[in-house]
Number of protein chains: 4
Amino acid sequence: MAAGTTPNSTRRSERSRVAILTATRELITEVGYAKLTIEAIAARAGVGKQTIYRWWPSKGAVVFDSLLALSESPDGGIELPDTGDVEADLKAVLRATAAEFSDPAFAAPIRALNTEIINDPELAAVYREKMEQPIREAKLRRLRSARDAGQLAADADLDLLLDLLYAPLTQRWLLRSGPLDDGFADALVEAALRAFRP
Amino acid sequence: MAAGTTPNSTRRSERSRVAILTATRELITEVGYAKLTIEAIAARAGVGKQTIYRWWPSKGAVVFDSLLALSESPDGGIELPDTGDVEADLKAVLRATAAEFSDPAFAAPIRALNTEIINDPELAAVYREKMEQPIREAKLRRLRSARDAGQLAADADLDLLLDLLYAPLTQRWLLRSGPLDDGFADALVEAALRAFRP
Amino acid sequence: MAAGTTPNSTRRSERSRVAILTATRELITEVGYAKLTIEAIAARAGVGKQTIYRWWPSKGAVVFDSLLALSESPDGGIELPDTGDVEADLKAVLRATAAEFSDPAFAAPIRALNTEIINDPELAAVYREKMEQPIREAKLRRLRSARDAGQLAADADLDLLLDLLYAPLTQRWLLRSGPLDDGFADALVEAALRAFRP
Amino acid sequence: MAAGTTPNSTRRSERSRVAILTATRELITEVGYAKLTIEAIAARAGVGKQTIYRWWPSKGAVVFDSLLALSESPDGGIELPDTGDVEADLKAVLRATAAEFSDPAFAAPIRALNTEIINDPELAAVYREKMEQPIREAKLRRLRSARDAGQLAADADLDLLLDLLYAPLTQRWLLRSGPLDDGFADALVEAALRAFRP
DNA sequence: GCATAACCGAGACGGTACGTCAAGTCTTTGG
DNA sequence: CCAAAGACTTGACGTACCGTCTCGGTTATGC
């Protein structure tokens with residue numbers, strides 16, 4: 001049933017937990033991560049500050065959990081499309097990712113999350129386990145399916161392939177070093193696949 | 001002679017400027033970017049706070065300038081090794097970059113810089129122009145030389161190639177998602193070159 | 001048998017009541033009245049906070065009861081010495097009182113009690129009835145005996161005499177405006193008696 | 001010019017100092033000492049909390065200074081009436097003191113001050129020196145004049161006489177143990193003088 | 001003789017105030 | 001006549017307690 005960084009207890013008020021995470025998400029999009037304060041979260045959530053400090057060790061952890069709650073799919077299973085054509089499928093997925101990054105509603109919180117993760121190794125570990133891992137697994141499954149179908153070299157290092165696909169996209173978005181258009185997504189997929197074709 | 005983000009003036013005390021940038025660099029490595037304060041910089045530099053506020057618009061700008069001062073080579077020219085063997089040369093360069101990232105003395109300030117840039121588009125623009133551009137140009141020169149030598153496809157998109165080479169490395173370092181060893185650097189170079197071979 | 005400010009009930013846990021009053025007394029001498037907290041009392045007594053709030057209306061009331069328990073003599077009767085010589089008897093009593101005030105174990109809680117009473121008229125009333133009255137009555141009995149023996153004027157206002165005897169002593173102790181030695185006690189008794197001699 | 005407990009400095013803002021002391025006095029009479037908070041003082045005075053903490057070590061010290069400012073007469077000289085009749089003069093003075101105690105506007109702050117002094121020996125010392133001393137000196141001058149006029153015993157202990165006069169009054173007021181009417185004041189004066197008549 | 005209700009410990013809750021820290025602005029003063 | 005020194009207002013920090021409110025778990029009548 002949920003649960004990211006925060007411990008659990010029967011005594012805990014679910015109403016407060018949800019109010020805090022919701023308030024956090026709203027405030028991030030409204031005022032930005034840099035100006036997000038615990039006091040504002042508490043006020044917006046109608047909660048005492050102590051209730052936040054009781055269950056989360058840092059502002060970053062609250063932000064993290066508030067985004068985690070968003071990303072968790074109810075069924076728990078994430079799957080990439082598999083039409084049989086890796087290149088087409090990956091292009092669709094990367095274009096979608098690029099589009100998401102361009103949507104301020106998504107972008108602001110994720111930018112905040114990245115800032116937090118860069119400076120907090122502990123949080124980074126939780127992030128990888130809870131948020132990155134499930135998605136990465138889904139991506140790897142799709143690539144394995146492609147390899148099995150002979151669309152990729154039999155000895156292809158799929159982890160590396162994934163990095164080649166996604167890192168340039170994320171980097172460009174984070175540092176705003178160029179446009180995130182479909183052309184870039186397509187070129188990325190083509191180049192990455194070229195490196196691992198059979 | 002100076003010049004990053006900051007304006008200039010004859011009235012300005014060079015002694016103070018240098019003291020501030022030096023103090024900033026020292027403090028970043030000592031206490032980390034998150035705990036860096038203007039007051040501490042002023043105190044360490046033996047300078048009034050106002051003197052900092054007079055010349056820099058934000059903490060990020062000071063940090064930026066303090067690192068810019070470091071990266072500026074006196075002669076102004078940066079050049080990558082060119083032995084004639086792109087693969088070997090790139091591997092050497094990426095291994096060196098990875099090693100730098102592993103050195104806390106370098107890592108802390110650059111991490112700080114990245115945090116700042118992610119959340120400040122204006123600063124990001126200056127960063128790209130003043131710090132990234134010159135290095136990127138040098139890298140592109142090396143790749144162009146390889147293309148001319150027939151080691152890369154004639155129509156290779158060298159900008160994309162650069163992204164494929166460096167983004168996964170930077171990403172892995174920033175998010176600490178894996179080890180930055182020579183094996184990774186080598187695999188990266190091999191895969192990226194494979195995608196653009198003639 | 002107990003009973004100060006607090007109501008009673010058969011259901012009430014005697015063990016808890018005693019633990020709370022004991023903890024309160026200990027904490028007053030340890031940390032002082034100003035830093036005494038309900039939470040600390042509850043923790044020390046191994047008791048839920050609610051158990052305190054259920055039976056006492058305020059911190060002052062708990063403190064009061066904890067001291068009341070001390071002052072209550074088992075037999076219920078207090079009597080001043082009566083050797084036939086009022087002056088000698090009063091000097092002995094005032095010296096003893098002064099000595100008590102000099103003992104930190106007594107002084108701290110009584111100081112606390114006075115602080116509480118000064119600012120809480122309701123508590124002051126209970127204090128007068130439960131703690132001051134019995135002692136004052138005993139003192140008056142001794143003075144009446146002296147008046148009957150012709151050692152005081154027949155029309156002496158014994159209440160006023162009592163105030164003249166004790167107020168300067170208490171005042172000096174509370175405000176630390178001078179030493180509480182035997183000389184002071186003696187001088188006080190002599191002057192007060194002089195004002196009411198036959 | 002002033003100056004009680006607080007240190008001094010040329011840099012200090014006189015405007016803030018006065019605003020804080022005024023706000024403190026107002027708040028004591030409005031909400032009482034127990035509910036007086038530093039935050040409320042700062043807010044009312046239009047001052048940062050830090051400015052209070054910078055110059056005063058405790059809430060008690062602020063309260064103290066705020067009352068000290070009141071009690072300081074501009075000319076610096078306090079004198080009791082001297083009609084030649086000690087008894088009449090003292091009765092007038094004690095009646096006036098009793099009346100002051102009955103006025104809530106005076107009573108509340110002084111009660112607060114007493115609470116503070118009882119529990120803070122350091123503050124008590126300053127209180128004695130700055131506030132009590134000057135008044136006590138004036139009273140002693142009047143008594144000395146009476147002794148010189150042959151209205152008091154030549155060897156009368158005037159300090160003790162003062163205590164006998166004032167302690168019962170103050171005590172009765174602080175503990176609310178009886179009415180502060182003219183009758184009480186008069187009886188007090190008569191009894192005290194009786195003890196020290198020639 | 002068993003239910004049931006009050007009391008118990010524990011401790012989470014919404015709050016208020018604490019005392020500290022730093023931000024960014026304004027003022028004084030010494031070199 | 002700058003610029004260091006540092007006081008100022010502001011606002012958030014993280015902590016301590018407040019007094020209220022469940023939570024289960026004993027008791028110990030009283031039906």
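Each chain gets a letter, A, B and so on, in the order the sequences are listed, and its residues count up from 1.
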Has [X] got a side-chain N or O lying under 4.0 Å from the OP1 or OP2 atom of [N]?
X	N	answer
C:W55	E:dC8	yes
D:R54	F:dC8	yes
C:R12	E:dC7	no
B:S16	F:dA4	yes

Looking only at heavy atoms, which two atoms of A:M131 and A:L68 are closest? And how far apart?
->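 Reported closest heavy-atom pair: CG-CD1, 3.5 Å.
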How close do D:P109 and D:P104 get, heavy atom to heavy atom, and via which atoms?
->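 Nearest pair, atom of D:P109 first, then D:P104: CD-O, 4.1 Å.
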Find the distance [X]:[atom1] to [N]:[atom2] and express it as a whole number of Å.
X	N	atom1	atom2	result
D:I52	F:dC8	CD1	P	11 Å
D:R15	E:dT27	CZ	C1'	13 Å
A:R44	E:dG14	CZ	C1'	18 Å
D:I41	E:dA17	CD1	P	12 Å

Summarise protein proximity over nucleotides 10-17 of chain F in one line of letters, 5' to 3': B for base, S for sugar-phosphate only, - for none, counting protein heavy atoms closer than 4.0 Å.
-> B-SBBBBB
Using atom types as modelled and distance alone, determine if a side-chain donor or acceptor of C:R176 lies under 3.5 Å from a backbone N or O of D:A125.
->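 No, the answer is negative, given that no donor and acceptor are paired below the 3.5 Å cut-off.
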Taking C:R44 for the side chain and C:A23 for the main chain, is one N or O donor matched with an acceptor at less than 3.5 Å?
->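 Not confirmed, C:R44 side chain does not pair with C:A23 backbone.
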Quick one: is the NZ or CZ of C:R12 closer than 6.0 Å to the six-membered ring centre of C:W56, and within 45° of its axis?
->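 Ring-cation test returns yes.
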What's the spacing between B:I110 CD1 and A:I118 CD1 if we round to 0.5 Å?
->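 One finds 12.5 Å between CD1 of B:I110 and CD1 of A:I118.
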